[in-house]
2 protein chains.
Amino acid sequence: MPAKRSPARRPTMKDIARRAGVSESAVSFALNDRPGVSEVTRARVRRVAEQLGWRPSTAARALSGEGAATVGLVLARPADTLGVDSFFLQLVSGIQEVLAERHLGLLFQVVEDVPDECAVYRRWWAEHRVDGVLVVDPRTDDPRPDLLDELGLPAVVIGGAPDERHPGLSTVWADDAGAMASVVDRLYGLGHRRIVHIAGLAGLAHTERRIRTLRAEAERRGLTGVESVTTDYSDAEGAAVTRRVLRSATPPTALIYDNDVMALAGVAAATELGFSVPADVSVVSWEDSALCRMVKPWLSALSRDSMEFGRTAARELTALLDGGPARTVRVPVPRLVERESTGPARDV
Amino acid sequence: MPAKRSPARRPTMKDIARRAGVSESAVSFALNDRPGVSEVTRARVRRVAEQLGWRPSTAARALSGEGAATVGLVLARPADTLGVDSFFLQLVSGIQEVLAERHLGLLFQVVEDVPDECAVYRRWWAEHRVDGVLVVDPRTDDPRPDLLDELGLPAVVIGGAPDERHPGLSTVWADDAGAMASVVDRLYGLGHRRIVHIAGLAGLAHTERRIRTLRAEAERRGLTGVESVTTDYSDAEGAAVTRRVLRSATPPTALIYDNDVMALAGVAAATELGFSVPADVSVVSWEDSALCRMVKPWLSALSRDSMEFGRTAARELTALLDGGPARTVRVPVPRLVERESTGPARDV
DNA sequence: GGTGATCGCTAAAGCGCTTGAGTGGAAGCA
DNA sequence: TGCTTCCACTCAAGCGCTTTAGCGATCACC
């Protein structure tokens with residue numbers, strides 16, 4: 001009868017040393033591909049380690065200055081806003097893919113707001129918990145880069161604009177400005193002159209970038225019926241804003257939503273008001289997901305590879321951990337895939 | 001000018017000891033509320049620690065046998081299946097809430113399949129990385145409970161059925177059987193006799209429970225046009241199955257979808273085929289989210305408090321970590337909230 | 001006034017690993 | 001042969017914390 005409940009002691013380097021007939025240091029050298037042991041000894045040690053099913057104790061490693069083999073990711077989002085979000089899970093999945101290769105753990109935390117997030121960074125740092133962090137949802141006037149700089153915690157900002165003030169941080173970003181310009185371009189080409197952008201959270205760096213670009217593009221073309229309205233990303237606000245602008249005297253002929261959930265809610269709201277999509281009003285979603293093909297008309301959307309985004313970010317972080325220089329890398333511009341929710345403006 | 005780039009050394013207990021004029025051991029006793037120091041010393045030590053901004057090094061703690069102050073959660077799901085999932089993020093958010101109170105970290109990993117997941121548990125265990133784990137998506141013939149038993153890793157299974165074969169594991173579960181029975185009951189009351197259940201992944205414990213219950217309920221009532229079809233949870237399969245069953249000679253009058261995404265896709269598919277919801281066919285979604293109120297008709301759905309589910313699970317795990325006994329606790333039965341997608345069967 | 005307890009604290013070992021400073025022996029060189 | 005050099009390896013310290021044993025002082029007790 002197998003002693004199932006025995007909590008099976010973990011083998012340590014000492015065990016390996018004994019079995020292999022060498023000192024602990026030799027084992028350490030052998031297992032870490034460091035010079036100082038002969039090839040035959042190295043092989044023997046490796047074999048024994050394998051047999052015993054040995055794995056280094058991260059705690060011990062961390063303690064002797066090797067780092068925690070863990071990176072952190074905190075998501076600052078009020079609990080009730082935590083809804084349908086395909087982007088985030090995909091991002092994380094991409095991150096994992098490259099972290100897993102290196103046996104790096106991902107410490108994950110969700111908090112209410114940015115100050116809480118900063119507190120978490122401080123704690124993680126003080127507790128030796130992480131070797132670096134991935135920062136999401138960068139903001140204008142963001143306190144986090146300063147903090148991370150101060151703590152000397154390697155970090156890569158996901159979705160931020162290039163930031164020369166923090167040469168220690170890497171940045172991975174998508175060219176929202178370019179994407180917005182291309183969307184406006186296309187809508188303009190279709191004859192649209194009054195465009196409303198139902199944006200996401202004010203203060204988020206990419207929100208502001210999109211808004212600025214839209215304004216610039218409008219001015220360049222002398223368009224006056226163009227505006228951005230910020231929201232909390234919820235379907236409720238998406239629908240509310242849609243209703244409001246569609247009820248105005250000169251309703252827009254095109255709507256750009258900063259995520260798929262709002263776009264969907266917006267289409268529903270528009271339909272309810274008697275607007276037909278895309279005949280009366282065109283709709284584009286700034287997030288492409290299964291949702292966009294789940295209702296009729298299928299939503300035209302800006303599409304990007306979120307997993308690859310995550311992979312890129314994680315790669316930059318590991319590079320940083322390896323002592324590489326901070327870099328700012330741009331992922332491909334989101335591409336507008338046109339489905340059924342966009343068409344020529346009616347009043348052309 | 002502040003020396004910003006100085007990577008600010010973390011204070012250790014030794015620093016505190018020196019400043020407070022006591023030994024390190026005294027500091028340890030004082031800070032851990034252990035007897036062995038006078039109250040005045042304890043207070044002084046506490047004050048110094050606070051001043052210095054000291055935080056215990058988890059690495060050191062873990063090394064001296066105190067555990068890693070971390071729990072693990074691995075999500076085994078093929079990358080491309082990782083879509084719109086409101087449940088999971090909410091669950092995690094609830095988990096975090098109680099873990100954060102205790103300053104427990106959450107180590108998160110997504111892998112491809114269950115064998116990979118087992119490998120992760122082994123690794124975490126060997127590396128001393130986690131004190132316990134939360135297991136999601138339990139399956140029939142699940143190898144994980146055995147493994148965790150063997151490793152002696154405290155664990156709570158989320159969404160499993162009570163399991164007497166593993167007295168070491170806690171279980172937190174919702175009564176799917178009861179919920180399914182109530183749904184069938186309601187649909188039956190509305191006159192529905194032919195019901196198709198578009199289920200989730202075969203092999204998932206709760207999928208099987210729902211299927212079994214549906215069959216039992218059907219038999220009890222002598223219904224013959226009742227079946228379950230398993231899918232991969234994707235909108236694509238949801239739509240495909242919907243089309244298939246609706247095209248049969250005797251199409252069902254009610255459809256139960258195991259998640260919101262499939263329900264939505266199903267409604268779209270039905271509509272395309274000329275079926276009107278709920279006049280021709282009723283639809284209920286086994287997941288309630290913003291999606292359910294985003295399309296017309298609004299989806300009737302089984303609603304539950306996913307965050308609370310997470311909180312409960314995390315609480316059980318912390319209890320286990322504190323040396324408490326394994327328990328199996330049931331969260332409230334999901335409640336059917338009827339919106340617009342359910343109605344009387346046509347052919348009654 | 002001696003014997004124990006109890007209290008408040010210190011000393012030191014140990015957790016599993018890394019690493020710089022040795023050490024003994026073989027090889028290289030004159 | 002005597003010298004240095006190099007190699008393969010061992011020793012021991014140290015990372016930051018917990019914990020056991022122990023130690024001197026105070027206190028209670030008969």
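All values reported here derive from a predicted model rather than from experimental measurement. In the text below, chain A, chain B and the rest are named by the order of the sequence lines, each starting its count at 1.
When heavy atoms are screened at a 4.0 angstrom cut-off, Pro56(A) is found touching the sugar-phosphate backbone but no base atom. Residue Gly36(B) is classed as a base contact, given a heavy-atom separation below 4.0 Å to a base. Using a 4.0 Å heavy-atom cutoff across all strands shown, Thr12(B) reaches sugar-phosphate atoms only and no base atom. Among the heavy atoms of the strands, none lies under 4.0 Å from Val27(A). Residue Glu66(A) is classed as a sugar-phosphate contact, given heavy-atom separations below 4.0 Å to backbone atoms only. Within 4.0 Å (heavy atoms only), Ser57(B) reaches sugar-phosphate atoms of the nucleic acid but no base atom.
Using a cut-off of 4.0 Å between Lys/Arg side-chain N and Asp/Glu carboxylate O, Glu50(A) and Arg47(A) are scored as not salt-bridged. A salt bridge links Arg315(B) with Glu308(B): the closest approach of a Lys/Arg side-chain nitrogen to an acidic carboxylate oxygen falls below 4.0 angstrom. At a threshold of 4.0 Å, the pair Asp33(B)-Arg46(B) counts as salt-bridged, since one of the basic side-chain nitrogens sits closer than that to a carboxylate oxygen.
Rounding to whole angstrom units, CD of residue Glu127(A) and P of dG16(D) are separated by 15 Å. The CZ-P distance, from Arg42(A) to dC7(D), rounds to 14 Å in whole Å. Atom P of nucleotide dC17(C) and atom CG of Asn32(A) are separated by 10 Å, given to the nearest angstrom. In this structure, Leu31(A) places its CG atom 14 Å from P of dC9(D), rounding to the nearest Å. Lys14(A) has its NZ atom 5 Å from the P atom of dC15(C), to the nearest Å. What separates CZ of Phe29(A) from P of dA8(D) is a distance of 12 Å, to the nearest Å. Spacing between atom CD of Glu24(A) and atom P of dA13(D) amounts to 14 Å, rounded to whole angstrom units. Between Leu63(B) atom CG and dT18(C) atom P there is a gap of 12 Å when expressed in whole angstrom units.
Summarising the geometry of Ala100(B) relative to Gln109(A), their closest heavy-atom pair is CB-NE2, 3.6 Å, with the distance given to 0.1 Å. Here the closest heavy-atom approach between residue Ser170(A) and residue Glu316(A) is recorded as OG-OE1, 4.1 Å.
Comparing Glu39(B) and Gly65(B), the nucleotide of DNA chain C nearest to each residue sits closer to the 5' end for Glu39(B). Judged by closest nucleotide on DNA chain C, Ala26(B) is the one of Ala26(B) and Ala60(B) placed further toward the 5' end.
For Val37(A), taking side-chain heavy atoms from C-beta onward, the closest of the listed nucleotides dC9(D), dC17(C), dG14(C) is dC9(D). Residue Ser64(B) has its side chain nearest to dT18(D) when only dC17(C), dT18(D), dT10(C) are considered.
For dT18(D), the OP1/OP2 oxygens have a side-chain nitrogen or oxygen of Arg61(B) closer than 4.0 Å. Side-chain N/O atoms of Ser38(B) include one lying less than 4.0 angstrom from OP1 or OP2 on dC9(C). In this structure, Thr41(B) reaches the dC9(C) phosphate: one of its side-chain N or O atoms is under 4.0 Å from OP1 or OP2. Between Arg34(A) and dT18(C) there is no side-chain polar atom (N or O) within less than 4.0 angstrom of OP1 or OP2.
For dA11(C), its base sits under 3.5 Å from the side chain of Ser25(B) at one donor and acceptor pair at least.
Within a 6.0 Å radius of CZ in Arg55(B), other residues, nucleotides and ligands contribute more than 12 heavy atoms.
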